[in-house]
Amino acid sequence: MSNTLPLRFSINGTQRSISVDPRTTLLDALREHLALPGTKKGCDQGQCGACTVHIEGKSVLSCLTLAAQANGKSITTIEGLAQPSGELHAVQQAFLDHDAFQCGYCTPGQIMSAVACIREGHANSDDEIREYMSGNICRCGAYPHIIDAVKQAAQAVKKEQV
Ligand code: FES
Ligand code: FES
């Protein structure tokens with residue numbers, strides 16, 4: 001009776017197929033259909049950034065993206081950032097090193113935005129980081145620590161690239 005849409009994506013390097021109501025957001029597809037609850041829902045209206053993931057390497061708000069829009073694309077979520085060996089991504093490690101989270105609810109979105117911030121070359125100064133990261137709200141007030149973490153991770157990424 002229900003009208004479902006078959007979709008297929010590469011998620012964190014693995015091909016996954018689901019059939020969902022066409023109105024399903026990518027956020028709900030990840031959380032409810034793909035058992036990847038690391039991506040969080042803070043508002044469902046594009047205002048908090050807790051749902052930030054990457055599609056084809058670009059950060060997007062998954063609450064404002066229909067799952068259908070990501071069909072055939074490559075998606076990265078917080079669960080896919082660490083190496084398969086368990087080694088943390090430089091941004092994850094830096095968040096730990098700098099206590100850049102408290103409750104942890106905004107953290108997956110913060111980290112995905114931070115990865116994009118560094119990748120897109122917007123981590124050159126505190127102000128630039130603050131501006132780029134301003135779409136990610138943290139009610140625990142971890143902002144100063146988040147900036148420190150992004151700076152450390154940007155340095156670590158630079159070293160790896162040399
Ligand atoms: S849940 Fe997507 S921006 Fe808040
Ligand atoms: S760590 Fe709690 S909202 Fe950011």
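Note that ligands are numbered from 1 as they come in the structure, with each ligand's atoms numbered from 1 the same way. Bear in mind the structure is a predicted one, so any value in this text is a computation, not a measurement.
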Side-chain heavy atoms of Cys48 within contact of Tyr105, under 4.5 Å
no

What residue and heavy atom of the protein are closest to atom 1 (S) of ligand 2, and at what distance?
Gln102 N, 3.2 Å

Could you list the atoms of ligand 1 found under 4.0 angstrom from a heavy atom of Asp44?
1 (S), 4 (Fe)

Modelled atom types, side-chain donor and acceptor of Glu79 and Thr77, under 3.5 Å
yes

N, O or S from Cys138 under 2.8 Å to atom 4 (Fe) of ligand 2
yes

Under 4.5 Å between side-chain heavy atoms, counting indirect links through other Ile/Leu/Val/Met/Phe/Trp/Tyr residues: same cluster for Leu26 and Val115 or not?
no

Heavy-atom contact under 4.0 Å between Gly104 and ligand 2?
yes

What residue and heavy atom of the protein are closest to atom 3 (S) of ligand 2, and at what distance?
Arg139 N, 3.2 Å

Numbered in order shown, the ligand 1 atoms found under 4.0 Å of a heavy atom of Gly46 are 3 (S)

Glu131 atom CD: more than 12 heavy-atom contacts under 6.0 Å
no

So which heavy atom on Phe95 is nearest to which on Ala114, and how close?
CE1-CB, 4.4 Å

With the side chain counted from C-beta on, respond yes when Asn71 and Leu5 share a heavy-atom pair under 4.5 Å apart, and no when they do not.
no

Distance check below 2.8 Å: does Cys106 bring an N, O or S atom to atom 4 (Fe) of ligand 2?
yes

What do you get for the angle at atom 2 (Fe) of ligand 1 between SG on Cys51 and SG on Cys63, to the nearest 10 degrees?
100°

Numbering as shown, the atoms of ligand 2 that approach Cys103 to under 4.0 Å (heavy-atom distance)
1 (S), 2 (Fe), 3 (S)

Only heavy atoms of Gln47, strictly under 4.0 Å: list the atoms of ligand 1 that pass.
3 (S)

One residue to check: Ala142. Relative to ligand 2, which of side chain, backbone, both or neither has a non-hydrogen atom less than 4.0 Å away?
neither

Please report the shortest heavy-atom distance between Cys63 and Gln45, naming the atom on each side.
SG-N, 3.8 Å

Around atom CD of Glu87, are there more than 12 heavy atoms of other residues, nucleotides or ligands at under 6.0 Å?
no

Ligand 1 to Gly42, heavy atom cutoff 4.0 Å, flagged ligand atoms 1 (S)

For the metal site, I want the angle between atom SG of Cys43 and atom SG of Cys48 with atom 4 (Fe) of ligand 1 at the apex, to 10°.
110°

Kindly indicate whether the side chain of Phe9, heavy atoms from C-beta on, has any atom under 4.5 Å from the side chain of Leu34.
yes

